[in-house]
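Working notes, beginning with the structure itself.
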Number of protein chains: 2
Amino acid sequence: MAVFKKVEETFLKGHKVFIPSVSIDCVIFGFHNNQLKVLLLKTLYAKEWALPGGFILKEEHVDDSAKRILEERTGLQDIFLQQFYTFGDPKRSDQVYARQMIKELQIDVPISNWLLQRFVSIGYYALVDFEAVNPTRDFFSESCDWHDIHELPEMIMDHRAIVDQALLTLRMHLNYHPVGYNLLQEKFTMPELQKLYETILDQKLDRRNFQRKMVSYGILKKLRERRKGVAHKSPFLYVFDLKKYHKALKDGFQTTW
Amino acid sequence: MAVFKKVEETFLKGHKVFIPSVSIDCVIFGFHNNQLKVLLLKTLYAKEWALPGGFILKEEHVDDSAKRILEERTGLQDIFLQQFYTFGDPKRSDQVYARQMIKELQIDVPISNWLLQRFVSIGYYALVDFEAVNPTRDFFSESCDWHDIHELPEMIMDHRAIVDQALLTLRMHLNYHPVGYNLLQEKFTMPELQKLYETILDQKLDRRNFQRKMVSYGILKKLRERRKGVAHKSPFLYVFDLKKYHKALKDGFQTTW
DNA sequence: CCAAAAGTGTTACAAGTACACCCATGT
DNA sequence: ACATGGGTGTACTTGTAACACTTTTGG
């Protein structure tokens, strides 16, 4: 059984390729049907779900580890990734689930095994195009699925707190870095962009003020095209003006002082 | 020689008490003579300076490790501490300096020694009362001193970049969390508070607008007392209204949306 | 008595908020 | 034809920026 082999190999040989004590957890946000979604893995040997995560190769930049983990779960490259916090509570206890696993799989693993040690976990959040993602489970899980941010299932360890922290950070960053580019299709309408903001911020925004503010950033290009086949008045399509978008990101959007 | 003993012990027995692969670096900010200062350690076996840092005890919360490290260097408890980024470039190479040390001290250490491995470092910044600090060196350094943020000496590894990142983060946080409370004496004048802000932000601010804005936060108490013995008109003293200060911190100062 | 710093107030402009009208589209 | 959502404009409120005058103090 391939899964068994792979899990056993990770337990027994992981310490040769990964650095110990440090893991990575990714909160992958997507947007679909006007809802903010998070990509989760159903654990094999527990009823809870888990964040896509992994370990850091001995000579790998931590950012690259996160990127690698993300590519494996989504099939996407060039993902928008942002480190947001490192979780260092000794009682996060990655061990509980790991112990359950070796018990279920009846792998012969000493208590000193690297995976049974305490882990500090570096949290990254990612913004991805929901449609483009091909959710792919890993060897420690039975499936990989999107979950509405408002209806998250039971999650292992402190993963729920990690999601909450990621969302808080994303909300903060929203003021500095317009995120639509990463979460929407190439072409989108203003109402769609607004729904995205409303969903992330979990509050209603004024239609007209939102439009004015977005336009004022000067990073959007309004197309002559309109969204077809929808009920009511057909809205205009927009795309990000990548040149101006990246320039604005570099210069920063807001400073107050 | 006590230093030798302690360093040797860390190399040889550190892996029994600390978790591997993870270190902590602290950027300790103080304010003195209208200048922003950073507390640095002069390394024993190199000409460069280093950030106060350390490792995480096996059962210790990472926040507590940072707190412990800070207490050891400053003699202060209850310090304002904020995790701001985790540095994970494999080429940060903590090893260079460690290797230099074992060469100088002629300690017999195998290449597999825990301290010669790659480290991921969690960055914390701290805001402390300059006057209250008693700078104390550790066993890897010959002295511990304040340095002006604008005149930093040569620093080991990526420590300079860590300081820069800490300062950037502090500037960002300034909009959300007024920091005067941690960096100034209990009683202070408005011009002193303004100097602090100007120093952190590295820009002049308008006297009158600054005062109005600060007062509008409603977290200061104006005393009847004035600063005595200074040239020119004596300025009023202020203290933080701790009750309102903490309430404001919890509620947040700014949200824009 | 004067230079330098501190206290205070006013005005102009930009940004954010609230709200109203008309238009296009599918049912 | 009409209900629903989309496009656009305008007044009001708040916040930020720029700026001037008076007061106090030590030298």
Side-chain angles (χ1 to χ4, degrees), chain A residues 33-34 171-172 174-176 178 180 184-185 187-199 201 203-239 248 251-257, chain B residues 33-34 171-172 174-176 178 180 184 187-199 201-239 248 251-257:
Chain A
N33 279 145
N34 290 337
R171 280 182 190 157
M172 296 245 305
L174 213 51
N175 287 322
Y176 301 88
L184 297 171
Q185 315 281 102
K187 297 179 184 181
F188 54 90
T189 68
M190 196 56 78
E192 283 162 9
L193 184 60
Q194 182 178 342
K195 286 277 163 41
L196 171 60
Y197 273 69
E198 290 183 336
T199 306
L201 296 167
Q203 68 180 278
K204 283 266 159 220
L205 300 173
D206 184 276
R207 220 157 42 89
R208 297 147 284 197
N209 296 333
F210 179 83
Q211 164 131 355
R212 181 148 12 98
K213 186 159 183 167
M214 277 300 144
V215 169
S216 78
Y217 286 147
I219 55 173
L220 299 180
K221 255 196 297 214
K222 185 176 181 175
L223 306 179
R224 287 170 175 271
E225 242 176 303
R226 290 156 177 266
R227 173 79 72 211
K228 296 281 173 79
V230 293
H232 318 300
K233 186 169 181 176
S234 58
F236 282 100
L237 287 169
Y238 289 80
V239 293
D251 298 348
F253 276 85
Q254 212 170 323
T255 38
T256 311
W257 284 100
Chain B
N33 281 146
N34 291 334
R171 279 183 189 154
M172 296 244 306
L174 214 51
N175 288 323
Y176 301 90
L184 297 171
K187 298 177 182 181
F188 54 90
T189 67
M190 197 55 79
E192 283 163 8
L193 183 60
Q194 183 179 341
K195 286 275 162 44
L196 171 61
Y197 271 70
E198 290 182 339
T199 306
L201 296 168
D202 199 25
Q203 68 180 278
K204 283 267 161 221
L205 301 173
D206 184 275
R207 218 157 41 87
R208 298 146 285 196
N209 296 333
F210 180 82
Q211 165 131 355
R212 187 158 354 106
K213 185 158 182 168
M214 277 300 145
V215 169
S216 78
Y217 286 147
I219 56 173
L220 298 180
K221 253 196 297 214
K222 186 177 183 175
L223 306 178
R224 285 167 175 273
E225 246 176 304
R226 288 156 177 269
R227 172 79 72 211
K228 295 280 172 82
V230 293
H232 318 301
K233 184 167 181 175
S234 59
F236 281 101
L237 287 169
Y238 289 80
V239 293
D251 298 349
F253 276 85
Q254 214 170 321
T255 37
T256 310
W257 284 103

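What you see is a predicted model; the values in this text were computed from it and never measured. Throughout, a chain's letter reflects where its sequence line sits, starting with A, and its residues are numbered from 1.
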*Rounded to whole angstroms, how far apart are NZ on A:Lys213 and C1' on D:dG9?*
19 Å

*Starting at atom CZ of A:Phe210, determine the distance to atom P of C:dA15, rounded to an integer number of angstrom.*
18 Å

*For the side chain of B:Pro191, starting at C-beta, report the closest nucleotide among D:dG7, C:dT8, C:dA6.*
C:dA6

_How many whole angstroms separate atom CD of A:Gln194 from atom P of D:dG5?_
13 Å

*Looking at CZ of B:Arg224 and CZ of B:Phe236, how far apart are the two atoms once the value is rounded to the nearest 0.5 Å?*
9.0 Å

*Nearest whole angstrom, please: distance from the P of C:dG16 to the NZ of A:Lys204.*
21 Å

Collect all protein-nucleotide pairs involving nucleotides 18-20 of chain C in which both atoms are nitrogen or oxygen and the distance is under 3.5 Å.
from: C:dA18; atom 1: N7; to: A:Asn209; atom 2: ND2; distance (Å): 3.0
from: C:dA18; atom 1: N6; to: A:Asn209; atom 2: OD1; distance (Å): 3.1
from: C:dA18; atom 1: N6; to: A:Arg212; atom 2: NH2; distance (Å): 3.2
from: C:dC19; atom 1: N4; to: A:Arg208; atom 2: NE; distance (Å): 3.1
from: C:dA20; atom 1: N7; to: A:Arg208; atom 2: NH1; distance (Å): 2.8
from: C:dA20; atom 1: N6; to: A:Arg208; atom 2: NE; distance (Å): 3.3
from: C:dA20; atom 1: N6; to: A:Arg208; atom 2: NH1; distance (Å): 2.3

_In whole Å, I'd like the distance from the CG atom of B:Leu205 to the P atom of D:dA18._
11 Å

_Please list, in numerical order, the residues of residues 225-238 of chain A that have a heavy atom closer than 4.0 Å to any atom of DNA chain D._
A:His232, A:Lys233, A:Pro235, A:Phe236

*asked:* Rounded to the nearest 0.5 Å, what separates atom CD in A:Gln194 from atom CG in A:Asn209?
replied: 9.5 Å

*Just to confirm, is there a sub-4.0 Å distance from OP1 or OP2 of C:dT8 to any side-chain nitrogen or oxygen of B:Gln211?*
yes

*Nearest-Å distance, CE (A:Met190) to P (C:dA24)?*
19 Å

